[in-house]
Every structure is written in structure tokens, then in C-alpha cells.
Amino acid sequence: DIDIQFLSGEFQKSYYELEKSETTDYKTIFDIKFKKYKLIYDSFRALHINNNTIKAERFYTFINNQGENLHKWSLFRALQDFLSSEDPKYINWHEWPKAYQYTDSEAVLVFEKNNSEIIEFYKFLQWQACIEFESLNRVSFRKAFDIGICTDLSLCIDANGAETWMNQDYFADKAHVKLEGNDNFDTTNYCPVVLPDKLSESAYSHFIDIIWPNMIYSDAINLTNLD
């Protein structure tokens with residue numbers, strides 16, 4: 001059924017338009033991938049989650065191992081989708097209605113309770129990404145690469161993304177670092193500043209939580225945006 005839907009006129013028209021385009025249309029690419037993975041997830045729910053198969057058990061083991069960070073990230077993405085569908089400015093969580101700007105607010109908890117499936121969908125996407133990384137790691141091992149997989153990890157995060165929403169206490173409200181080439185200090189192109197005392201108080205757990213997931217299937221990490 002999934003293959004039939006991928007071959008439908010709607011999907012094929014989108015593919016054709018992308019092939020004809022002289023520029024890279026990232027928005028359309030994202031929309032196509034989102035629809036495809038949503039179909040895959042819906043099929044996975046029907047075939048595995050609803051029947052409690054071994055694959056479903058592996059999926060929930062992954063979720064449990066990833067803990068609260070994965071859950072909050074998925075909650076953020078679901079909220080962002082919901083709100084930005086009403087107004088594009090809500091891509092930036094700082095523009096969200098105040099009721100949604102804090103992870104433990106009543107409005108967020110109600111949304112979380114009523115939208116568990118779309119939240120789980122985003123966890124499914126992360127699971128699929130980890131499966132791909134694991135496959136690449138095995139290939140790297142078999143080929144005996146000198147370094148193996150090297151992952152790029154930017155130390156500059158999206159000021160309006162999930163990480164700042166999830167960890168608001170860790171970032172200075174008014175201080176930002178301008179990225180190279182950003183002469184106009186565009187607010188979409190700056191890096192929020194982490195508060196050193198907060199890192200110290202938490203024994204650098206925030207930094208560890210960033211590094212650890214990237215080290216599971218990587219043999220080396222290239223830290224970028226250090227200058």
C-alpha cells in the first residue's frame with residue numbers, strides 16, 4: 001500500500017517538479033519526505049505497534065534509552081508543526097503564545113496528552129536515523145576505515161529551536177554570538193550563549209547530553225563553529 005501511494009499522481013508530480021527545478025527547493029523536499037515517513041510510520045503502527053511485535057519492542061527500547069531529551073524534542077516538533085500551521089511566524093518558539101513557551105505549562109501538558117501519536121512519530125524519525133547510522137558504522141568497520149564515521153557537530157545551535165526551548169535556564173536571554181558573515185546581525189543567524197555557571201552546577205550534563213548521542217555510532221566528531 002505504501003508503494004502504491006508513493007507512485008500516486010500527487011507524489012510523482014512533486015518528484016517531477018523537483019527534477020525540473022534549477023534550484024534546490026528544500027521546503028518541497030522536506031514536505032515530500034515528511035509525507036513519506038508519515039506513511040511509513042502509520043504502516044509501522046498498524047503492523048508492529050498494534051501487534052506488539054519484536055520491531056515494536058525495539059522501537060520502545062530505543063525510546064526508553066533516549067529518555068526525556070528525545071521526548072521533549074519530539075514534543076517541541078509536534079507543537080511547532082501545530083502552531084506554525086496557523087501562522088508561519090510560530091516556527092520561532094519565542095513568538096508562540098505565552099501558554100506554550102514553557103515545557104511544564106498546563107497548555108503544553110494538555111497538548112502532550114492529546115497528541116501522543118504525532119509526538120511518537122517524531123521519535124520514530126529519530127529511531128530511523130539511528131538505524132541508518134548503525135548501518136553506516138557496520139560498513140565502516142567491515143571496510144576497516146582509518147577513522148571510520150566522522151560526524152559534524154555544531155556548537156552553535158538554533159536560537160529559536162528545540163534546544164533553547166527545552167533548556168531555557170541554560171541560555172542568556174539577551175546575549176548572542178554573531179555568526180561569521182552575518183554583518184546585519186540577523187536574529188535568524190546568531191548563536192545563543194550558554195551560561196557557564198549553569199553548566200558547572202549541572203556537572204556539564206547539558207554538554208554531555210549533546211556529545212553522547214553523536215558518539216554512539218561515530219568514531220570521530222568534528223566540532224564546528226568554534227571560531
So Tyr41 and Glu117, do their side chains get closer than 4.5 Å, heavy atoms only? yes
SG/Cys150 to CG/Asp219 distance, rounded to the nearest 0.5 angstrom? 9.0 Å
hydrophobic_cluster_shared for Ile40 and Ile131, side chain cutoff 4.5 Å: yes
In terms of heavy-atom contacts, Ser105 and Ala99 come closest through OG-O, 2.5 Å
Quick one: pull up CD in Glu201 and CG in Asp169 and give me the separation to the nearest 0.5 Å. 9.5 Å
Check whether any side-chain heavy atom of Leu75 lies under 4.5 Å from a side-chain heavy atom of Trp165, and answer yes or no. yes
Say you draw a straight line from CG of Leu136 to OG of Ser140; how long is it, rounded to the nearest 0.5 Å? 8.5 Å
When rounded to the nearest 0.5 Å, the distance separating CG of Asn64 from CD of Glu57 is 11.5 Å
Applying a strict under-4.5 Å side-chain criterion to I, L, V, M, F, W and Y, I'd like to know whether Val110 and Phe82 cluster together. no
Crowded around Phe133 CZ? As in, over 12 foreign heavy atoms under 6.0 Å? no
For residues Asn50 and Ala46, report the shortest heavy-atom separation together with the two atoms involved. ND2-CA, 3.6 Å
Any side-chain to backbone donor/acceptor pair from Asn160 onto Trp93? Under 3.5 Å, distance only. no
Answer with yes or no whether the side chains of Tyr60 and Glu120 bring together a donor and an acceptor at under 3.5 Å. yes
Can you tell me how far CG of Asn167 sits from NE2 of His206, rounded to the nearest 0.5 angstrom? 5.0 Å
Picking from Trp96, Tyr122, Phe111, what satisfies ring-ring contact (aromatic ring centres under 6.0 Å, His included) with Phe76? Trp96
If the condition is side-chain hydrogen bond (donor to acceptor under 3.5 Å, both in side chains), which residues does Asn222 pass it with, not counting sequence neighbours? Asp152
Only counting residues at least two apart or in another chain, list the ones meeting side-chain hydrogen bond (donor to acceptor under 3.5 Å, both in side chains) with His71. Glu112, Lys123
Using atom types as modelled and distance alone, determine if a side-chain donor or acceptor of Ser200 lies under 3.5 Å from a backbone N or O of Pro196. no
Is Glu106 atom CD crowded by more than 12 heavy atoms from other residues, nucleotides or ligands, each under 6.0 Å away? no
Are any of the side-chain heavy atoms of Thr53 and Leu47 separated by less than 4.5 Å? no
Phe171 reachable from Trp73 in the ILVMFWY side-chain graph, under 4.5 Å edges: no
Applying ring-ring contact (aromatic ring centres under 6.0 Å, His included), can you list everything that pairs with His48, at least two apart in sequence or on another chain? Phe44
Short side-chain to backbone donor-acceptor contact, Ser84 and Tyr90, under 3.5 Å: no
Lys/Arg-Asp/Glu bridge criterion (N-O < 4.0 Å) met for Asp42, Lys38: yes
Is it possible for you to say whether Leu70 and Ile208 belong to one hydrophobic cluster, with membership spreading through side-chain heavy-atom contacts below 4.5 Å? no
Student check: side-chain heavy atoms of Gln101 and Val108 closer than 4.5 Å: no
Might you point out which heavy atoms bring Phe62 and Cys130 nearest each other, and give the distance in Å? CE1-SG, 3.6 Å
Common cluster, Met215/Leu153, ILVMFWY with side-chain heavy-atom separation under 4.5 Å: yes
Heavy-atom side-chain contact between Phe59 and Lys55 under 4.5 Å: no
Residue pair Thr164, Tyr170: steps toward the side-chain hydrogen bond (donor to acceptor under 3.5 Å, both in side chains) verdict: CA-CA 8 Å; Thr164 52; Tyr170 279 91; over 6 Å; no
Quick one: CD1 on Ile211 to CG on Leu223, what's the gap to the nearest 0.5 Å? 5.5 Å
I'd like to know if the side chain of Glu95 and the backbone of Lys89 have a donor-acceptor N/O pair within less than 3.5 Å. no
